[in-house]
Amino acid sequence: MLSHSKLKRNFYQRPTLKVAQDLLGKFLVHKYRGPSTSLDYARDKSLGAGKIYRGMIIETEAYTGFDDLACHGSRGMTERNKIMFQKGGYAYVYLIYGIYHCLNLVTEKEGKPSAVLIRGLDFPNADGPGKLCREFKITKKNCNGLDLTGDKLWVEDRGLGGFKIQKGPRVGIDYAKHCATWPWRFWIK
DNA sequence: GGTGCGATTGCA
DNA sequence: GCAATCGCACCA
């Protein structure tokens, strides 16, 4: 196997709980071609030709199906969550609190709302779902609906494994009643 | 057409 | 503890 292989669609078209754990230790990559701030240019003169952001995924959460009250798609398809109903291998990005964006990787089969929320990367200022999107220039406008088998946003397997996976309840979903305690959050040290 | 709030973050 | 800030879900 290639040491830097881009994950294919069949990786995502599996049970969401499995995908959420298998994404740990893989690398999120964003090839960004959009406008950069003057501060970005001061830090990195190569930005004019586009920039590649790459960081190891260290924390995820699973959201799947109509019985998961914390899943955005559990109450049916809407304009916001329609990407979640596609087949696995697409990016679902939404705006939260009017300020931050959250990146999800759609899983399973078409018609079943399922995705993995990327909550943290081993990368400076990318410890948190909102922070990693800000740091990696991921927004709803430029990433929602992107095909993860394409050349803008994808996940790489760099051959790292053997991590001890920790698990616990998902964050910030107290409103989801009995689902709030399900141990669907996963992370590695 | 009006209303209320969120899969977050940073600061007091 | 709590404000920021807005798309959108939901109700009328």
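All chains are named by letter (A, B, ...) in the order of the sequence lines, taking the proteins before the strands, and each is independently numbered beginning at 1.
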One thing to verify: whether [Y] and [X] come together as a salt bridge, which I'm taking to mean a side-chain N less than 4.0 angstrom from a carboxylate O.
{"X": "A:Asp127", "Y": "A:Arg119", "result": "no"}
{"X": "A:Arg54", "Y": "A:Glu156", "result": "yes"}
{"X": "A:Arg170", "Y": "A:Asp68", "result": "yes"}

What is the nucleic acid contact for [X], judged by heavy atoms within less than 4.0 Å: base, sugar-phosphate only, or nothing?
{"X": "A:Leu117", "answer": "base"}
{"X": "A:Gly130", "answer": "sugar-phosphate"}
{"X": "A:Arg185", "answer": "nothing"}

Nearest heavy-atom pair of [X] and [Y]: which atoms, and what distance?
{"X": "A:Ile173", "Y": "A:Ala70", "value": "CD1-CB, 3.7 Å"}
{"X": "A:Gly150", "Y": "A:Lys6", "value": "O-NZ, 2.8 Å"}
{"X": "A:Tyr12", "Y": "A:Val19", "value": "O-CG2, 4.0 Å"}

Whole angstrom is fine here: how far is it from OH in A:Tyr100 over to P in C:dA3?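 Computing the A:Tyr100:OH to C:dA3:P distance gives 15 Å.
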Can you measure A:Ile99 atom CD1 to C:dC2 atom P for me and round it to whole angstrom units?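 Value for this atom pair: 17 Å.
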Side chains of A:Thr107 and A:Gln13: do they bring a donor and an acceptor to under 3.5 Å?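 The answer is no; no qualifying pair exists.
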Hey, would you say the A:Tyr94 and A:Tyr92 ring centroids sit under 6.0 Å apart?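 Yes - the distance between ring centres of A:Tyr94 and A:Tyr92 falls below the 6.0 Å cut-off.
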Determine whether the aromatic ring centres of A:Tyr53 and A:Phe123 lie less than 6.0 Å apart.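 Not under 6.0 Å, so no.
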In whole Å, what separates the C1' atom of C:dG7 from that of B:dG10?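 Result for the C1' pair: 22 Å, nearest Å.
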Atom P, compared across C:dT5 and B:dG2: separation rounded to whole Å: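 Taking atom P in both C:dT5 and B:dG2, they lie 23 Å apart.
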Reading DNA chain B 5' to 3', how would its secondary structure be written in dot-bracket notation, given Watson-Crick and G-U pairs with both distances under 3.5 Å, brackets [ ] for crossing pairs and | for partners on other strands? ||||||.||||.
Which residue lies more 5' along DNA chain B, comparing A:Val171 with A:Arg134 via nearest heavy atoms: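 Taking each residue's closest nucleotide, the earlier one in sequence belongs to A:Val171.
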Partner of A:Ile57 under side-chain contact (heavy atoms from CB on, under 4.5 Å), chosen from A:Asp22, A:Leu28, A:Asp122: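 That would be A:Leu28; it is the only one of A:Asp22, A:Leu28, A:Asp122 passing the side-chain contact (heavy atoms from CB on, under 4.5 Å) with A:Ile57.
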Would you indicate which nucleotide in C:dC8, C:dA4, C:dG7 comes nearest to any side-chain atom of A:Leu95?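 Per side-chain heavy atoms of A:Leu95, the pick is C:dG7.
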Spacing of A:Lys112 atom NZ and A:Phe85 atom CZ [to the nearest 0.5 Å]: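 Interatomic distance, A:Lys112 NZ to A:Phe85 CZ, rounded to 0.5 Å: 11.5 Å.
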Could you tell me the boundaries of the chain A footprint on DNA chain B, defined by atoms under 4.0 Å from its heavy atoms?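 Result: B:dG6 to B:dG10.
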Residues within residues 75-94 of chain A bordering DNA chain C, heavy-atom distance below 4.0 Å: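 DNA chain C contact set from residues 75-94 of chain A: A:Arg75, A:Thr78, A:Glu79, A:Arg80.
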